[in-house]
Amino acid sequence: MSAPEAGSRRHAELSRRESVMATPGKEGQVIANGAWAGNVIGVFTSGGDSQGMNGAVRAVVRMGFYLGCKVYFIKEGYEGMVAGGDNIEEATWSSVSGILQLGGTVIGSARSKKFRERPGRLSAAENLIKRGITNLVVIGGDGSLTGANLFRMEWADLVKELGETGKLTTEEQSRCGHLNIVGMVGSIDNDFCGTDMTIGVDSALHRIIEAVDAISTTASSHQRAFVMEVMGRHCGYLALVAALACEADWVFIPEWPPEGDWEETLCNKLASERKLGQRLNIILVAEGAVDRQGNAITADAVKNLLTEKLKYDTRVTVLGHVQRGGSPSAFDRILGSRMGAEAVLALMDAKAETPACVVSLEGNQTVRVPLMECVNRTQDVQKAMDAKNFEEAVRLRGRSFQNNLTTYRMLSKLRPPTSLCVGEHPPQIGPVDFRPEVGTQTERSAIADSKPTVNINIKMKGVETSVIYDKDHSFKTDQESYHSGYTFSDQSDHRNLAVVNIGAPACGMNAAVRSFVRLGLTQGYRVLGIQDSFDGLIAGRVRPMGWTQVHGWAGKGGSLLGTKKQLASDVSMGGIAEKLREFKIDGLLIVGGFEAFHSLFQLYQAREQYPAFCIPMCVIPCTISNNVPGTDFSLGADTALNEISDICDRIKQSATGTKRRVFVVETMGGFCGYLATMSGLAAGADAAYIYEDKITISKLRDDVFHLKDKILNAGVQRGLILRNECANANYTTEFINQLFAEEGKGVFSVRMNVLGHMQQGGVPSPFDRNYGTKMAAKCVAWFKERIETNLKDGRVMVKSPECFVLLGMQKRRLEFSPVCDLAIDTDFDNRLPLVQWWLKLRPLLRIMAKHTTETYTMDVEEAHVSEMDKE
């Protein structure tokens, strides 16, 4: 075993000893309708509100109904529990209709001083017992959860005291002998140890990125600097992830204060960037940011620094409660729904001796973790920061936080090593034109004052050529056209990494390319961009990519490199091999969808015939369809889900004032039903028809009758039916539309919508920007290790399956999987993995739509709090 492997194993063993044990949830298992009949549940939100809370409330109510329970709203949090009366109201099916897409919490939230005192908790217990409520779901932060646990521990004494004072009958005392508590963390701060993401975090990141994107345009127009303060209390997660997603120039977070001379370092960095042609600067400040001595760092203080020392036109924007507002993202809607349903199942399993638990997210699985152990771990972070032990604070935040911080610090370096490229051109806006990089500032100045064209000798380490620079900012070599390639010197002491996009465009592609280029440069590699997929490689459209050339790419949709849906075998295997050899490519990164995976598998199979293919190759899965094997989440799918959810919201809103209307909506995804299923959960669909779950005329008939019954008897006014584009060749979207229209006559009208390529558009979501950035960073480290390990006589030569891989998120970790292994579990005809984790969520989709029979099952596994972080 190597030293790194031994160290990794020791670290894993240490983490496992320190971790809090979690039990798997029941998500995906068959749960009988009415299995918990006769029980009563109370649900309330407490503390600060967050987007997605309504999805959790809705799920608690509807899962409770499915199990046969009576469910009560406890309005205004603990304050309403103490006050009783109309604040505790029985829920109905229709009372949670139409709330999934709403921000905040429809049942209100408040902080209660009365509940902190025993008399207040005594009144709260009486109000609950009078309604038979002995099961509570609390949605809030660590303070709300701690209060709920105290309430549970005191419950027996409170019941006894109420009995002694004659406020409870003997029957009431025996019936309500113990209180079950299950928590969900609703907080935009993401400061709770024990879950990957808390409800509301993703939506808050959307608000921050929307604001930064909007401010960037005006900042660039006037060459301004903006200092933006974001929320998070004493946790820097929002600021850190937003900085990664928006390419911020600097971020201040409480867990990692800047060094003592940070003022000078910051000013030098911004000044150098302006000299390189950058027209704006974005600086993010977490509201709890401090320096190494514990002194607060405020947005105004940073603004004054830039104004006084650099004379920059600087503005401060405090986002404040904007971050808590607006409609929840697709992720938060789904997260709230999954956690809410699991919370009810956890209550069903709870006994008198069962400790209070929190439902949390671990990778793609819901799990249950002990409430107070997680609260204590969360409080340990603050203790570490108070003791100025910032390294420990970062460690306690978890692996995901550490990886975010490491990636940001690498990407925030101003420039790659000067030995690699002497000078660069200003950052570009729009599609890349692959200009070579001008050698010196003098040469750039000469261009500005030159005639319409000028000949310049351009130097990079090991590369020299003469080019013609046109005033329209295009470059041409003196011997070939723009579309021709470079000739690389054999004497170059830098290795060449190349990146190419394959398949349909998807948001997040550019973020991955940007990260790969910059981190590749910092490792001393020359990074080549291949334009227009394999066609571009064959045509020689291959150029070195520079540091500033990819500035701003993280926030752009589509593919700035250019991409095509093609397989390597469809172009020319021999031609690809020849060009890889000609450009001396030592490692190839392919960012794309199923075609990217399939093409790499073809290159792997042909490596014996073509030695040029014997170099490390890796795929970053990037497709809105999420149909690539070896990963639970593909880059681009989150953005597409948000687009579909937003469109479905607007479609349903269009029927406001029009009673009883059903919409049939077609989504993309090829033969993969991921988009239809997950957007169905996020948009509150009544059904989602997909290829993996075979459609029959009996199912369609039952769904029509079910929808008619819901509209007539449950007070529902609108219905939503989703269909994957390849769900069934005969039961088309048009057929389903006509079927529902005919059978629904007199009850509802029907409208059809085919969303088409709107699902591929827009700007990348914060998740896709961050996910692409971190995946590319991991790929650079992987290439570095493979190249250094397999370098012999100045040449990289690999044939092992472990050098032809796909990087994907598998449960709780980013893992490299050999494509030859993945091919075994792949349906190439329909472009699908044979195992798809999200199928276990289809029962939840139907339960939320008032269906009563389910058949799916899914295995679950043990998890540990220390492992509950996406890398």
Side-chain angles (χ1 to χ4, degrees), residues 41-51 53-54 56-57 60 72-89 103-131 133-162 164-165 167-168 176 179-189 191-192 198-200 231-235 287-288 320-321 323-325 343 356 358 371-372 374-376 378-379 381-383 386:
I41 300 171
V43 58
F44 67 100
T45 53
S46 177
D49 67 296
S50 63
Q51 309 96 319
M53 280 184 166
N54 288 326
V57 170
V60 169
Y72 282 90
F73 295 134
I74 302 173
K75 299 183 176 180
E76 312 306 333
Y78 286 116
E79 192 70 18
M81 192 185 299
V82 173
D86 294 339
N87 289 302
I88 304 178
E89 175 187 299
T105 166
V106 295
I107 59 176
S109 180
R111 293 179 171 88
S112 175
K113 292 183 179 179
K114 294 179 181 178
F115 189 81
R116 296 177 184 175
E117 305 296 331
R118 184 178 173 85
R121 295 193 290 274
L122 195 66
S123 297
E126 180 183 0
N127 291 328
L128 296 181
I129 293 171
K130 291 298 182 183
R131 294 165 177 81
I133 301 173
T134 56
N135 301 280
L136 282 181
V137 176
V138 53
I139 309 171
D142 58 345
S144 301
L145 298 174
T146 302
N149 188 64
L150 175 62
F151 192 36
R152 183 188 69 87
M153 295 177 66
E154 290 184 342
W155 183 261
D157 291 338
L158 295 174
V159 171
K160 181 179 179 182
E161 184 175 339
L162 289 170
E164 291 173 349
T165 56
K167 294 182 179 180
L168 294 182
C176 303
L179 178 68
N180 298 319
I181 295 285
V182 172
M184 286 181 275
V185 187
S187 168
I188 69 168
D189 301 333
D191 58 351
F192 190 82
T198 57
I199 298 172
M231 298 178 87
R233 292 195 304 173
H234 302 294
C235 179
E287 61 182 353
H321 286 76
Q323 296 158 89
R324 280 186 177 169
V358 174
L371 187 153
M372 288 312 299
C374 291
V375 169
N376 293 336
T378 302
Q379 293 172 349
V381 179
Q382 187 59 50
K383 292 177 182 176
D386 291 342

Does the [X] side chain pair with the main chain of [Y], one donor and one acceptor, at a distance under 3.5 Å?
{"X": "Thr45", "Y": "Gly108", "answer": "yes"}
{"X": "Thr105", "Y": "Met53", "answer": "no"}
{"X": "Ser109", "Y": "Gly47", "answer": "yes"}
{"X": "Arg152", "Y": "Ala148", "answer": "no"}
{"X": "Tyr78", "Y": "Lys114", "answer": "no"}
{"X": "Gln323", "Y": "Met231", "answer": "yes"}

Shortest non-hydrogen contact from [X] to [Y]?
{"X": "Ala124", "Y": "Phe115", "value": "CB-CE1, 4.0 Å"}
{"X": "Asp191", "Y": "Cys235", "value": "CB-CB, 3.6 Å"}
{"X": "Phe192", "Y": "Leu371", "value": "CZ-O, 4.4 Å"}
{"X": "Ala56", "Y": "Ile139", "value": "CB-CD1, 3.8 Å"}
{"X": "Ala356", "Y": "Asn149", "value": "CB-OD1, 3.6 Å"}
{"X": "Gly200", "Y": "Ser50", "value": "CA-CB, 4.0 Å"}

Of Val159, Leu158, Leu136, the residue whose pairing with Leu179 passes side chain to side chain contact (heavy atoms under 4.5 Å, CB included): Leu136

Once rounded to the nearest 0.5 Å, what's the spacing between atom [atom1] of [X] and atom [atom2] of [Y]?
{"X": "His234", "Y": "Asp386", "atom1": "NE2", "atom2": "CG", "answer": "8.0 Å"}
{"X": "Phe73", "Y": "Ile41", "atom1": "CZ", "atom2": "CD1", "answer": "12.0 Å"}
{"X": "Asn135", "Y": "Cys176", "atom1": "CG", "atom2": "SG", "answer": "9.5 Å"}
{"X": "Trp155", "Y": "Asn180", "atom1": "CH2", "atom2": "CG", "answer": "10.0 Å"}
{"X": "Met184", "Y": "Leu145", "atom1": "CE", "atom2": "CG", "answer": "10.0 Å"}
{"X": "Ile88", "Y": "Met81", "atom1": "CD1", "atom2": "CE", "answer": "7.0 Å"}

Check: Asn376 and Gln379 side chains under 4.5 Å, non-hydrogen atoms: yes

Applying side-chain contact (heavy atoms from CB on, under 4.5 Å) to Ile188 and Gln51, what does each step give before you reach the verdict? CA-CA 8 Å; Ile188 69 168; Gln51 309 96 319; 3.8 Å; yes

Kindly indicate, with the supporting measurements, whether the criterion side-chain contact (heavy atoms from CB on, under 4.5 Å) is fulfilled by Phe44 and Val137. CA-CA 7 Å; Phe44 67 100; Val137 176; over 6 Å; no

Taking atom CZ of Arg118 as the centre, report whether more than 12 heavy atoms of other residues, nucleotides or ligands fall under 6.0 Å from it. yes

Heavy atoms from other residues, nucleotides or ligands near CZ of Arg111 exceed 12 (cutoff 6.0 Å): no

Apply side-chain contact (heavy atoms from CB on, under 4.5 Å) to Asn87 and Ile74, showing your working. CA-CA 6 Å; Asn87 289 302; Ile74 302 173; 5.9 Å; no

Working note: Leu128 + Tyr72, criterion side-chain contact (heavy atoms from CB on, under 4.5 Å); need CA distance, chi angles, decisive distance, verdict. CA-CA 10 Å; Leu128 296 181; Tyr72 282 90; over 6 Å; no

